[in-house]
K.L.:
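Sharing a structure with you now.
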Amino acid sequence: MKKTNKYQLYNRQISIFKVLQFIGRRWKFVLLLAMALAVFSGMVRYYKDYRNNMIEYQKAVEKANGINTSQEELIAQLSETQYNEVQRCLYYWKVVIDATDYLENSLLVKADPYSKPVELIYYDKDAEQIENQIWDMKALVMDEEILQEVVDELGWAIDTTYIAELVTVTGEDNRICVKIAADSKENCRQIAEIFESKINGKFGQPTILETTETDLELVDQLAKIYDSKEEATSIVNEYEVSFTNVQKKLSQMMVDEYLGNEEESNSQTTEEPVLRETKLNLSQVLFGFVMGFVGSIVCIGVYYTFSGRIHGEEEICSLFKEAVISNFSISVEAEQYKKQMESIVEKLTLFCEKHQKKSIFLTGSIVNDSLEKIMNEIAANMEKREIAVTYGKNVVYDAQSLSKLEKTEAVVLFEWDEKSLCREIARELNLLEECEVEILGTILIEAK
Amino acid sequence: MRPAIKRENKKLDIAKIADCIFEVLLYSTCLFPFTMWVPVWYTGTDSQPYAFVISILAVLYYVCIKKENKCSREMMLLIFCVLLIGVYAITDAISLGIMYVAKRYVTYVSMASIPLALFFVMKARGRVWERFIKFSIWVWLIAGIIQKWFDSDFAGRYVIRQTTDIERGVVSLATEPSAYGYYCLFVLLLVWGFQKNRLFYMGLLLIQILAMAQSTVTLMYLGIYLIGYALNEILLRKKYAFLKYFGLLGGGLGALYFAYSKQLLPGRMYQIIHLVLIGDWSSLLKDGSIGKRLDGITDSIGRFVDNLALPQGFVGERYFSGNGILLVEGGFISVIILFVLANMIWKAYPGSQRFMFVFGFLIIMFSAIPYSCPIVCMYIGYCCYQAYIGVEGNEKNK
């Protein structure tokens, strides 16, 4: 017979409150791990800083004695992570340098589009297949050779990129509009006329208009460059603050190399070697603490979510559609234990009477010695009420228990809260259903 | 006894009103993700943060006040991953500035909060609010029609920018045609599960993608889903799988070639297909949009491998790729996030369609679609709810 499983365990729903409660109960572990990681991470960083300072000091002494260090030697002194940090810092240095260079040389910046409108000249042209012609026009005005010729004719000592960015091609209705922005009307017109001579009437006769409209796209472009420079500068500063002396020196050498000042970087004046004081890096300690705190919370939460253990009576009802007859806490005082026992016996008797059962079988997915003792006590009490009670281990794995099923009319399951596995309970229930044994309900055992 | 009953009824009504308010606010902020509802709140980003704020309030309301706090295990894992990335956010905030890091970390929080809030809202209603989605489709369509034929600047002041020109399509209530396109695509994925007029609304959305947005990249997204469909058919060894595969491939390419040869395609799309057909790959890669997207994917994967899948945190540049940013910033944690998202989508659809949707989503998210966009998070929330009601319920809807 093909075994069927009607329980959709993969669709389990987890209560956020219960997860928080579960984590809250383990607050000591969370704090302990957070403190341990804070101390560990602080110590590791302190040791690394101390070691780097010592190496730097030794190198400084060597340098003072006339030994010069090259880039390769500096790289050899750094760990891979430290070197990667320098590389990243260099990347942002390059952004800063390029942006500064651009802002110094761009004609657009000189046009000062923030304080006054950029002068624009429109070329309106009638065109039948406008869409394809726009592409041709764009290709023409972006052509490197044409741009170079324009720069040559203007007689300006600038890169062609700075001319290209002043020209935008758009389409409006049945016109192709070439907008040219520059710092003055004269320059606009001059550039426009040179372009027109290069295009050589390919798109018909132009209409040149003057306008005081601000080209917002160009303003946006400038704003982006300003922003990227600002952002990169702050990142560079952050890197340099956290750098060791070796990293700083390597970074400086690389930046100089990029700027073409290699000679300058090699001819620095030698300073008196000083052993830097190693300080405890508080941000690293904080990182360790937060990492430990959140990490332990996540570990406990993931364990709770994916352990596959049953979480409370609500889940037994929702996942297995089984009634929970009673809860039973084993770690209580003797008097309370006795009361619980009486209550369970009473409820079981009621259930048996309601379902007209005279013999029941007690089992569970985890039947250990303490549970067997409880089952034994229940059996003894139930016999006084003329209900035959037998008990045994997990019916899925224990043949002896399975054989006892034949002599009973119904089964009561004993499952451990936060201990019994859902898939084991499902297996048990599937087997009991296959054996056509009625299940009266479940008693949930709470260890704590 | 009477006053007590009265009080109970009153309480019930307030709860219903609150449910309704959160539902309307969440749906409207997710389905109009680019609209500036409060114009003075300038964030500088295309997608507005209203959905994020509303979702946080909704989650707090449902968990703390309504005591509705159950969610799937995948959602819990997603929340834990977001918490872990939060460690990097806290430490990076010290060096890079709180606002700078918070802006980037919001993406991750949105990925958990918006789907969770929508899950609670959909659970409260007992189904997806189809009417609101249909209403939003009509609003977007009408805005698109007005922009295309009557007033090209229509609704311009309600979005942060409207970047388009004569060669490209209209933007409707989005910021650019490609954003309009991917918005339509995600709504199409929501419409897929509709109980009534599914095909009609799918048709409306396809019209918006092809005739209004005219976005090449959205066509590519649709193509990716079609490839996913074909692979799905082949992997499941369905009847006539290869025939369908080659039929789709041939039909799609044939239709494109026909439109190209008859010059029916819009300028930019025409130009790209022209460059592909003449084999001018270098010019194709020089195209700003395509180049940026490809660079985003390759650079981010390269950085992820260079970092040995360790999280880089929020230091460094942002890439032009949704999954790319995730992988670089979150490292292996993001791999778990992607696995969780794939699992949610996998569970949301019946067995015969699962592969297509997971494949399509994971691939298109490598493009420039940001996870911070509420419509993406809404789709995740929708999948989460579909998984909750079960595949049986899902199939019954068809």
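Since the structure is predicted, the reported quantities are computational estimates derived from the model, not experimental observations. Chain naming here is simple, since letters A, B, ... match the order of the sequence lines and numbering starts at 1 in each.
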K.L.:
Report which part of Y91(A) has an atom under 4.5 Å of a heavy atom belonging to chain B: side chain, backbone, both, or neither.
P.N.:
side chain
K.L.:
Shortest non-hydrogen contact from R73(B) to T305(A)?
P.N.:
CD-O, 3.2 Å
K.L.:
Indicate yes or no: at least one non-hydrogen side-chain atom of Y100(B) is less than 4.5 angstrom from one of E231(A).
P.N.:
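They are in side-chain contact.
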K.L.:
Could you tell me if the side chain of M75(B) sits less than 4.5 Å from the side chain of Q13(A), heavy atoms only?
P.N.:
no
K.L.:
Between I94(B) and chain A, with a heavy-atom cut-off of 4.5 Å, which part of the residue counts as in contact: side chain, backbone, both or neither?
P.N.:
side chain
K.L.:
Given a strict heavy-atom distance threshold of 4.5 Å, which part of Y239(A) is in contact with chain B: side chain, backbone, both, or neither?
P.N.:
side chain
K.L.:
Grab the two heavy atoms, one from L84(B) and one from G295(A), that are nearest each other, plus how far apart they are.
P.N.:
CD2-CA, 4.2 Å
K.L.:
Select one option (side chain, backbone, both, neither) describing which atoms of V95(A) are under 4.5 Å from chain B's heavy atoms.
P.N.:
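Neither part.
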K.L.:
Drop me the distance from I14(A)'s CD1 to N69(B)'s CG, to the nearest 0.5 angstrom.
P.N.:
11.0 Å
K.L.:
Using a cut-off of under 4.5 Å on heavy-atom pairs, state which of K18(A), R88(A), M291(A) scores highest against chain B.
P.N.:
M291(A)
K.L.:
With a 4.5 angstrom heavy-atom cut-off, which part of Y62(B) approaches chain A: side chain, backbone, both or neither?
P.N.:
neither
K.L.:
Less than 4.5 Å apart, any side-chain heavy atom of K70(B) and any of F17(A)?
P.N.:
no
K.L.:
Under a 4.5 Å cut-off applied to non-hydrogen side-chain atoms, are V19(A) and F80(B) in contact?
P.N.:
yes
K.L.:
Do the side chains of R12(A) and E74(B) get close enough for a salt bridge, i.e. N-O under 4.0 angstrom?
P.N.:
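Result for this pair is no, no salt bridge flagged.
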K.L.:
Answer yes or no: is there a side-chain heavy-atom contact under 4.5 Å between T91(B) and Q284(A)?
P.N.:
no
K.L.:
Does L77(B) form a side-chain contact (heavy atoms from CB on, under 4.5 Å) with F306(A)? I'd like the steps, not just the answer.
P.N.:
CA-CA 9 Å; L77(B) 190 56; F306(A) 291 95; 4.0 Å; yes
K.L.:
Answer with side chain, backbone, both or neither: which region of L83(B) has an atom nearer than 4.5 Å to a non-hydrogen atom of chain A?
P.N.:
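For L83(B), heavy atoms of backbone and side chain both lie under 4.5 Å from chain A.
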K.L.:
Heavy-atom cut-off 4.5 Å, strictly under: side chain, backbone, both or neither for E314(A) against chain B?
P.N.:
side chain
K.L.:
Taking side chain as everything from C-beta outward and backbone as N, CA, C, O, which of these in I85(B) sits under 4.5 Å from a heavy atom of chain A? Side chain, backbone, both or neither.
P.N.:
neither
K.L.:
With heavy-atom distances below 4.5 Å as the criterion, would you say the side chains of S234(A) and L96(B) are in contact?
P.N.:
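In short, these two side chains do not touch, never coming nearer than 4.5 Å.
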K.L.:
By a 4.5 Å heavy-atom criterion (distance strictly below it), what part of N307(B) contacts chain A: side chain, backbone, both, or neither?
P.N.:
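For N307(B), the contact with chain A is made by the side chain alone.
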